Amino acid sequence: MAESTKRYVLKKAPATEESGSPVISAAGISSEQENAFRIDYAQELNPQQLTAVRNIFGPQLVIAGAGSGKTRTLVYRVSYLIEAGVDPAQILLMTFTRKSAQEMMKRASIVLDERCRRIKGGTFHSFANQTLRRFAKHLGFDPSFTILDRGDAEDLLNVVRSELGRNTNDKRFPKKRTLLNVLSKSTNTGRSITDILEDEYPQFIEESAVIEQLAVEFQIYKKERSVMDYDDLLTNLKLLLLENTDIRKKISRENQFIMIDEFQDTNSLQADIAEMLASEHKNLMVVGDDAQSIYSFRGANFHNIMKFPERFPGTKITTLEQNYRSTQPILHFTNAIIKSAEEKYDKTLFSDIEASHGPVYIRATNFEEQAGFISQRVLELHEEGVRLDQIAVLFRAGWHSNELEIELGGANIPFVKYGGLKFVEASHVKDVVSFLRIIQNEKDAIAWYRQLLLLEGIGPKTAQNIVLHVRDSGKGLQALGEKPFDKKKYSDSLQLLRIALEQTRSAQTLEDAVAIATKYYRPILKTNYEDHKKRTDDLDSLIRIATRYESLQTFLDDISLDPPDSTQIGAEASGSEDDKLTLSTIHSAKGLEWHTVFVISLIDGYLPSSRSLNSRAEIEEERRLLYVACTRAQRNLYLIAPELSYSRGFSAVGAGMAFPEPSRFLQEIHDFDELAEEWHLDVEF
């Protein structure tokens with residue numbers, strides 16, 4: 001063997017006592033004991049992280065600010081406990097994804113040794129599954145019960161629906177996906193089915209009693225067949241622990257040290273389960289950030305983290321404030337955003353990363369100017385050496401990027417979008433575009449098929465016959481009123497389609513044409529999509545986008561022929577297919593970071609959303625959304641607040657309402673001018 005060959009030593013896990021209780025004393029770990037540890041924790045961690053790691057016994061709340069190294073803290077605490085003599089099998093680490101648990105266990109094993117892989121790590125649902133397998137009979141289930149995935153649960157719910165005599169083709173009753181959404185939201189938020197219907201599906205409120213009965217029958221049906229869906233795993237685990245004291249004590253003693261990540265995202269069920277799991281020892285450490293609690297729509301309960309010290313008297317609160325992600329000027333700004341929060345844990349993030357500039361604020365004239373600025377600035381940054389995949393554009397709702405997507409397509413900037421479909425891929429947008437394609441080309445059979453299949457009573461065969469008749473008759477749109485269709489039940493629908501097409505063709509401007517098309521389509525949208533309220537904003541975006549075009553052909557080309565999701569930069573700009581700009585809703589961006597972040601449409605009605613304005617709690621969550629968005633930025637942060645102007649009296653933020661003011665969260669920052677540099681955009685003519 002050559003003398004230059006390097007030797008690599010594999011760490012051997014030392015033998016541990018496999019006892020039923022930890023070998024460390026209630027007094028904790030002495031400095032002498034720490035001196036014998038393999039790892040110098042004081043060297044590896046900052047003072048706040050070290051405090052969190054050393055606090056072994058009792059309840060502890062770790063408020064981990066954005067970018068403050070919470071994962072590192074959890075990893076080193078696992079290692080610390082094992083070095084202190086705790087049996088790995090007595091450590092339970094709960095995370096929100098299986099992947100994150102596995103990653104933490106892997107990192108801990110690299111830091112210490114393979115013993116770290118023997119801890120219990122996973123999600124609430126995986127822990128519930130393992131526990132319920134052991135004790136299923138106490139709840140009347142077979143230990144080999146089946147777990148239903150989302151699709152299976154929907155299908156089973158449909159079976160129960162049919163047995164209750166509700167026809168699956170009845171459009172006055174929710175479809176299976178909507179039904180399961182309602183039932184799941186009720187389970188995870190604790191809200192009644194009626195409340196959820198009133199807020200999100202008011203068209204079905206008259207069916208609330210039937211849906212409530214359906215929920216009861218669904219539970220009975222599943223239990224009789226020994227199957228559970230994802231929500232049942234949590235509800236049944238809570239029931240098991242509540243009704244069986246001996247089992248609760250046994251499970252609690254088996255899990256002497258419990259850690260829960262992202263505690264601000266837990267729902268009431270999960271918080272109750274955590275309390276019962278720690279009932280015998282109170283050794284529960286939860287980690288999270290109240291300022292990043294943004295998932296109430298999924299059932300997350302903000303007060304789980306805020307009320308933790310009340311629920312667990314004697315809680316030690318440790319705050320991680322040193323940020324390893326962003327520059328100090330960005331942190332000055334994000335600290336100012338959250339300072340006005342009505343309910344929070346006080347913390348001030350700081351960083352050793354200095355910068356010569358802070359966030360940039362831009363008051364764009366309109367959405368087109370906002371999109372143009374982003375497109376140009378992204379290309380400039382790319383020329384300066386910043387990869388596209390290190391740049392993100394963040395927004396409150398998926399439709400807020402509609403104009404930008406069209407602009408990026410025209411500028412040949414490839415992008416990937418998270419949080420909803422890309423604008424041109426959304427089925428309701430395709431519906432309207434197919435209508436306009438008929439205006440442009442009456443021979444477009446595919447567009448005709450799409451339009452005809454939207455009409456009740458017309459199936460594929462009938463649609464084919466109508467298309468052939470229109471093509472062969474030579475009479476164009478007038479053929480829709482002729483035999484053999486004039487006496488059919490769908491004849492009135494065909495005439496409405498013909499009239500709308502003729503009116504659209506006669507429109508004076510493209511904006512008028514698109515407005516007529518969307519007006520015709522709105523009743524169809526309401527009939528065909530149970531979440532139609534969420535989709536109407538895209539129709540308004542189509543009209544706004546149309547104002548930038550004089551030609552229908554060019555408009556359709558930009559939207560259909562050259563869709564902005566195709567990779568177009570090519571080798572001259574980037575040799576990597578992965579080098580794409582990120583467009584993302586803020587909800588989908590949590591936990592991620594980029595060199596440069598653009599936060600767009602920072603106007604009241606967009607952020608905060610118009611749908612949140614009647615609730616202080618919802619407005620406060622909107623504030624936290626802005627905080628999450630801005631704390632994703634490492635070096636550059638651009639804040640853009642376009643002014644709105646509507647020539648037709650419509651608005652994308654509500655019926656007839658416009659909110660031209662910058663977001664109230666920006667206006668509440670007293671020293672805004674000192675924290676953010678304002679750029680004025682000058683447009684070349």
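Predicted model only: the values in this text are computed from it and were never measured.
Judged purely by atom type and a 3.5 angstrom limit, Glu369 uses its side chain to pair as donor or acceptor with the backbone of Thr365. Between the side chain of Glu207 and the backbone N or O of Pro174, no donor-acceptor pair lies under 3.5 Å. Checked by atom type and distance alone, the side chain of Glu622 pairs as donor or acceptor with a backbone atom of Ser609 at under 3.5 Å. For the pair Thr547 (side chain) and Ile543 (backbone), a donor-acceptor distance under 3.5 Å is absent. With hydrogens and angles ignored, the 3.5 Å screen pairs a side-chain donor or acceptor of Thr189 with a backbone N or O of Lys185. No donor-acceptor pair under 3.5 Å is formed between the side chain of Arg623 and the backbone N or O of Ile619. Checking side-chain atoms of His587 against main-chain N and O of Ile294 turns up a donor-acceptor pair under 3.5 Å. Looking at Ser192, its side chain does come within 3.5 Å of a backbone N or O of Asp195 through a donor-acceptor pair. In this structure a side-chain-to-backbone donor-acceptor pair under 3.5 Å is present from Ser186 to Arg191. Side-chain atoms of Ser615 do not come within 3.5 Å of backbone N or O of Ser612 as any donor-acceptor pair.
For the pair Ile337 and Cys630, the tightest heavy-atom approach, listed with the atom from each and the gap, is CD1-SG, 3.8 Å. The heavy-atom pair separating Ala364 from Ile640 by the smallest distance is CB-CG2, 4.1 Å. For the pair Arg544 and Trp399, the tightest heavy-atom approach, listed with the atom from each and the gap, is NH2-CZ3, 4.3 Å. Scanning both residues, Val393 and Phe395, for their nearest heavy atoms gives O-CE2, 3.4 Å. Across every non-hydrogen atom of Ser601 and Pro642, the tightest pair is CA-CD, 3.7 Å. For the pair Gly459 and Leu453, the tightest heavy-atom approach, listed with the atom from each and the gap, is C-CD2, 3.5 Å.
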Passes side chain to side chain contact (heavy atoms under 4.5 Å, CB included), Ile524 versus Asp431? Steps please. CA-CA 10 Å; Ile524 297 174; Asp431 289 343; 5.9 Å; no
List the steps, then state whether side chain to side chain contact (heavy atoms under 4.5 Å, CB included) holds for Phe598 with Ile391. CA-CA 8 Å; Phe598 297 83; Ile391 305 173; 3.7 Å; yes
Determine whether Asn636 and Val360 satisfy the following criterion, side chain to side chain contact (heavy atoms under 4.5 Å, CB included), listing intermediate values before the conclusion. CA-CA 8 Å; Asn636 297 320; Val360 173; over 6 Å; no
Where do Thr194 and Ile205 land on the side chain to side chain contact (heavy atoms under 4.5 Å, CB included) test, with the steps shown first? CA-CA 7 Å; Thr194 299; Ile205 191 62; 3.8 Å; yes
After noting the C-alpha distance and the side-chain angles of Gln440 and Arg437, does the key distance pass the side chain to side chain donor-acceptor pair (under 3.5 Å) rule? CA-CA 5 Å; Gln440 183 66 25; Arg437 282 168 49 187; over 6 Å; no
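Taken to the nearest 0.5 Å, the NZ atom of Lys222 stands 8.0 Å off from the CG atom of Leu157. The OH atom of Tyr361 sits 13.0 Å away from atom CG of Leu637, with the distance rounded to the nearest 0.5 Å. Expressed to the nearest 0.5 Å, how far CG of Leu613 lies from CG of Asp604 amounts to 6.5 Å. Taken from CD1 in Ile374 to CG in Leu379, the straight-line distance is 12.0 Å, to the nearest 0.5 Å. With values rounded to the nearest 0.5 angstrom, Glu661 atom CD is found 9.0 Å from Glu643 atom CD. To the nearest 0.5 Å, the span separating CG on Leu626 from CG on Leu666 amounts to 6.0 Å.
Remark: Gln667 CD is packed, more than 12 non-hydrogen atoms of other residues, nucleotides or ligands lying under 6.0 Å away.
Among pairs with a residue in residues 370-382, those fulfilling salt bridge (Lys or Arg N to Asp or Glu O under 4.0 Å) read Arg377-Glu380, Arg377-Glu384, at least two apart in sequence or across chains. Within the structure, every pair that satisfies the ring pair (Phe, Tyr, Trp, His ring centres under 6.0 Å) test and touches residues 500-520, not counting sequence neighbours, is listed here: Phe435-Tyr520.
Ionic pairing of Glu502 and Arg505 is not present here: no N-O contact between side-chain nitrogen and carboxylate oxygen is shorter than 4.0 angstrom. A salt bridge does not link Arg298 with Asp231: every distance from a Lys NZ or Arg NE/NH1/NH2 to an Asp or Glu carboxylate oxygen is 4.0 Å or more. Using a cutoff of 4.0 Å between basic side-chain nitrogens and carboxylate oxygens, Arg396 and Asp537 are not scored as salt-bridged. Electrostatic pairing of Glu620 and Arg616 counts as a salt bridge here, judged by a charged N lying under 4.0 Å from a carboxylate O.
In this structure, the side chains of Phe555 and Leu436 come closer than 4.5 Å at one or more pairs of heavy atoms. Using a 4.5 Å heavy-atom cutoff, the side chains of Arg363 and Ile603 are in contact. Within the 4.5 Å cutoff, the side chain of Ser493 has no heavy atoms near those of the Glu456 side chain. Side-chain contact between Leu179 and Phe218 is absent, with no heavy atoms from C-beta onward closer than 4.5 Å. Between Ile211 and Leu183, some side-chain heavy-atom pair lies under the 4.5 Å cut-off. Under the 4.5 Å side-chain criterion, counting only non-hydrogen atoms from C-beta, Val429 is not in contact with Asn402. Inter-residue side-chain proximity for Trp679 and Tyr638 is flagged as met; some heavy-atom pair is nearer than 4.5 Å. Using a 4.5 Å heavy-atom cutoff, the side chains of Asp265 and Lys590 are in contact.
Of the residues listed (Val433, Thr504, Leu542), the one engaging Val514 in a side-chain contact (heavy atoms from CB on, under 4.5 Å) is Leu542, and it is the only one.
A side-chain donor from one of Gln451 and Ser434 sits under 3.5 Å from a side-chain acceptor of the other. Checked by atom type, the side-chain pair Ser208/Glu198 shows no donor-acceptor distance below 3.5 Å. One side chain, Asp579 or His382, offers a donor N or O that lies under 3.5 Å from an acceptor on the other. Looking at Thr585 and Ser588, their side chains do bring a donor and an acceptor atom within 3.5 Å of each other.
Ring-plane geometry between Tyr606 and His400 is classed as tilted, the angle between the planes lying from 30 to 60 degrees on a 0 to 90 degree scale.
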